[in-house]
Engineer: 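Take this structure, written in structure tokens, and hold onto it; I'll ask about it next.
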Amino acid sequence: MTSHKKNAKLVINDKSYPLDLSSPSAGPDVLDIRHLYRDANIFTYDPGFTSTASCESEITFIDGEKGILQYRGYDIAELAKNSYYLEVCFLLLYSHLPTADELANFEERVTMHTMVHEQLINFFRGFRRDAHPMAIITGVVGALSAFYHDSTDINDPQQREIACIRMIAKLPNIVAMAYKYSIGQPYIYPSNDLDYPTNFLKMCFSVPTQEYDTNPTISRAMDRIFMLHADHEQNASTSTVRLAGSSGANPFACIAAGIACLWGPSHGGANEACLNMLREIGTVDKIPEYINRAKDKSDPFRLMGFGHRVYKNFDPRAHIMKISADEVLEILDSDDKPILKVAKELEKIALEDDYFQSKKLYPNVDYYSGIILDALGYPTSMFTPIFALSRTVGWIAQWKEMIVDPTLKIGRPRQKYTGNVNLKYIPIEDR
Ligand code: CMC
């Protein structure tokens with residue numbers, strides 16, 4: 001839904017280049033510079049893509065100044081209150097809220113694909129037990145294309161569809177297997193009678209020797225973590241998925257690329273880094289020292305779980321996650337955990353601090369999700385894999401949208417070259 005609004009022009013050395021300026025359905029106007037190189041022999045320079053829209057998308061809208069996040073036009077707070085992850089998956093993938101029949105059919109399809117190929121177990125065995133689960137799932141998800149040949153043809157809509165369903169269905173199993181492998185416990189097969197979050201919790205925390213007890217509040221908290229991480233427009237990992245997909249790579253390879261990108265501590269790895277930081281701080285009396293370090297430009301330390309490229313207001317997901325954290329902590333009676341005292345106090349002190357206020361640095365979703373996952377019993381190394389599992393649907397929805405976009409071209413940025421030119425080769429004895 002783009003409407004042309006007015007024309008703009010770029011004037012360089014008295015020569016004028018007309019550029020289309022269009023208004024999207026929400027968000028800032030967009031200047032179309034596609035033909036600038038052809039017409040003016042000029043590249044634009046935008047490291048970190050802070051002013052660049054890389055694609056048209058109808059999936060997720062963020063207004064960072066106002067702290068708004070919407071999936072397909074629905075506000076995240078409303079979805080978190082009324083919906084649940086699999087319904088949100090349907091919404092992201094098929095662009096409307098499902099009817100009861102559509103939802104039942106979708107859930108049935110996901111449920112029927114929860115098992116992984118039995119031979120995949122051997123794949124896990126090839127990894128060291130102390131391997132980071134992100135390393136394992138990056139490899140295993142990439143390897144799915146070696147197991148499911150019948151869903152790698154990106155030009156066949158049915159194959160695309162089945163690949164999407166397979167990944168949404170199998171990621172919880174793969175992530176849980178990576179966890180079980182790391183602690184030396186047997187893998188637990190999925191239980192198709194359980195809902196999506198409870199099934200995941202069971203695959204992570206049950207053992208064959210005991211009945212597994214579920215708690216609806218815990219399942220709901222898990223579901224919220226999935227839902228709040230489900231998509232976030234053109235972030236680094238999603239852009240990675242799109243870039244990989246633009247070459248025609250198969251969907252499993254594209255999602256594996258997204259997982260690899262998500263691992264970084266400035267992105268999905270922040271929840272793990274945040275909990276590690278809270279542990280390092282250790283006690284409330286050490287907080288001022290770390291606040292000062294975060295403000296010191298000569299120190300690379302940053303307060304993990306604070307700040308966001310797009311949100312210059314409270315991260316709307318953090319609001320919901322904070323409520324969820326309180327619910328979980330009440331049930332698990334973990335108020336005496338020293339790390340939580342540190343987390344609450346650090347948040348309070350940082351929010352009152354001039355430095356954080358002036359730079360609009362607020363806690364982001366990862367600040368609270370780490371606290372919940374820690375309370376549920378997950379080790380920090382599992383935080384980012386759980387983020388990856390949640391985000392898989394977003395990556396897939398964006399990939400699907402891209403594949404049928406008539407303007408699709410292989411992603412190929414240019415550069416501002418600053419190296420040497422035209423050097424003459426010097427024989428080794430003369431160097
Ligand atoms: N602690 C201390 N100072 C900070 C922080 C922080 N967490 N974040 C930003 N700043 C300062 C930064 O030093 C800079 O100061 P100055 O203008 O004086 O140079 C200013 O704020 C702007 O920072 P930036 O790095 O230019 O901002 P960015 O948009 O490139 O980075 C960010 C965004 C999320 C990478 C960054 O805020 C950060 O490193 N935060 C900690 C990591 C984190 O929590 N990441 C999770 C993001 S949410 C989940 C996700 O998207 O995956």
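Note: hydrogens, waters and symmetry copies are ignored here, and every other heavy atom, side chains too, is used. By convention here, the first residue in the shown sequence is residue 1. Numbering of ligands and ligand atoms starts at 1, following listing order.
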Engineer: For Tyr355 and ligand 1, answer yes if some heavy atom of the residue is under 4.0 Å from a ligand atom, otherwise no.
Structural biologist: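 Yes, Tyr355 has a heavy atom closer than 4.0 Å to ligand 1.
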Engineer: Identify the protein heavy atom lying closest to atom 28 (P) of ligand 1, giving its residue, its atom name and the separation to 0.1 Å.
Structural biologist: Arg309 NE, 3.6 Å
Engineer: Check whether any side-chain heavy atom of Leu351 sits under 4.5 Å from a side-chain heavy atom of Phe356, and report yes or no.
Structural biologist: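 Leu351 does not reach Phe356 side chain to side chain.
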Engineer: Run the numbers for me: atoms of ligand 1, each under 4.0 Å from some heavy atom of Gly305, listed by number.
Structural biologist: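 Under 4.0 Å from Gly305, ligand 1 has these atoms: 43 (C), 44 (O).
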Engineer: Pairs in or reaching into residues 251-293: which pass ring pair (Phe, Tyr, Trp, His ring centres under 6.0 Å), with residues at least two apart or in two chains?
Structural biologist: His132-Trp263, Tyr290-Phe301
Engineer: Which ligand 1 atoms does Ser266 reach within 4.0 Å, using its non-hydrogen atoms?
Structural biologist: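 Those qualifying, in numeric order: 45 (N), 46 (C), 47 (C).
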Engineer: Determine, counting only non-hydrogen atoms of the protein, whether one lies under 4.0 angstrom from atom 22 (C) of ligand 1.
Structural biologist: no
Engineer: Does the protein put a heavy atom less than 4.0 Å from atom 48 (S) of ligand 1?
Structural biologist: yes
Engineer: Between Phe127 and Tyr181, is the gap from one ring center to the other below 6.0 Å?
Structural biologist: no
Engineer: Just need the protein heavy atom nearest to atom 1 (N) of ligand 1, so name the residue and atom and give the distance.
Structural biologist: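 Closest protein heavy atom to atom 1 (N) of ligand 1: Leu303 N, 3.1 Å.
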Engineer: With nothing but distance in play, are any N or O atoms of Arg317 less than 3.5 Å from an N or O of ligand 1?
Structural biologist: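 No: no nitrogen or oxygen of Arg317 is under 3.5 Å from one in ligand 1.
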Engineer: List the closest protein heavy-atom neighbour of atom 2 (C) of ligand 1: residue, atom name, distance to the nearest 0.1 Å.
Structural biologist: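 Among all protein heavy atoms, the one nearest atom 2 (C) of ligand 1 is Ala294 O, 3.7 Å.
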Engineer: Tell me: protein heavy atom nearest atom 52 (O) of ligand 1, and distance?
Structural biologist: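 For atom 52 (O) of ligand 1, the nearest protein heavy atom comes out as His267 ND1, 2.6 Å.
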Engineer: Can we say Lys286 and Glu280 salt-bridge, meaning some charged N sits less than 4.0 Å from an Asp/Glu carboxylate O?
Structural biologist: no
Engineer: Looking only at side-chain N and O atoms, does Ser219 offer a donor or acceptor that is under 3.5 Å from a partner on Asp223?
Structural biologist: no
Engineer: So is Phe306 polar-close to ligand 1, meaning N/O to N/O under 3.5 Å?
Structural biologist: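 Indeed, backbone or side chain, Phe306 has an N or O that close.
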Engineer: Is there a heavy atom in Lys295 that sits closer than 4.0 Å to ligand 1?
Structural biologist: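 No heavy atom of Lys295 comes that close to ligand 1.
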Engineer: For atom 5 (C) of ligand 1, find the nearest protein heavy atom and state the residue, atom name and distance (0.1 Å precision).
Structural biologist: Leu361 CD1, 3.8 Å
Engineer: Does Lys416 make a cation-pi contact with Tyr45, if we ask for NZ or CZ under 6.0 Å from the ring centre and within 45° of the axis?
Structural biologist: yes
Engineer: How are the rings of Tyr362 and Phe314 set relative to one another: parallel (under 30°), tilted (30 to 60°) or perpendicular (over 60°)?
Structural biologist: tilted
Engineer: Within the structure, does at least one protein heavy atom fall under 4.0 Å of atom 15 (O) of ligand 1?
Structural biologist: yes
Engineer: Quick one: nearest non-hydrogen protein atom to atom 19 (O) of ligand 1, plus distance?
Structural biologist: Lys297 NZ, 3.7 Å
Engineer: For atom 42 (C) of ligand 1, what's the nearest protein heavy atom and its distance?
Structural biologist: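 The protein heavy atom lying closest is Met304 CE, 3.4 Å.
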Engineer: What residue pairs, at least two apart or across chains, pass salt bridge (Lys or Arg N to Asp or Glu O under 4.0 Å) with a residue in residues 231-242?
Structural biologist: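 Residue pairs with at least one partner in residues 231-242: Arg242-Glu401.
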Engineer: Which atoms from ligand 1 have a heavy atom of Ala270 less than 4.0 Å away?
Structural biologist: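 Checking each atom against Ala270, I get 43 (C), 44 (O), 45 (N), 46 (C).
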Engineer: Do the non-hydrogen side-chain atoms of Tyr179 and Ser381 ever get within less than 4.5 Å of each other?
Structural biologist: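 No, too far: nothing below the 4.5 Å cut-off.
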Engineer: Provide the number and element of each atom of ligand 1 under 4.0 Å from a heavy atom of Phe387.
Structural biologist: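 Under 4.0 Å from Phe387, ligand 1 has these atoms: 52 (O).
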Engineer: If we ignore hydrogens and angles and just use 3.5 Å, is the side chain of Gln185 paired with the main-chain N or O of Lys180 as donor and acceptor?
Structural biologist: no
Engineer: Taking NZ, NE, NH1 and NH2 as the nitrogens, is one of them in Glu347 or Lys322 under 4.0 Å from a carboxylate oxygen of the other?
Structural biologist: yes
Engineer: Would you check the N or O atoms of Phe356, main chain and side chain alike, for any that come under 3.5 Å of an N or O of ligand 1?
Structural biologist: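 So ligand 1 has no N or O lying under 3.5 Å from an N or O of Phe356.
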Engineer: Measuring from atom 24 (P) of ligand 1, which candidate in Lys359, Arg302, Lys360 has the nearest non-hydrogen atom?
Structural biologist: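 Shortest heavy-atom distance from atom 24 (P) of ligand 1: Arg302.
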Engineer: Measuring only between side-chain heavy atoms, which start at C-beta, is Arg302 closer than 4.5 Å to Met277?
Structural biologist: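 Sidechains of Met277 and Arg302: no contact.
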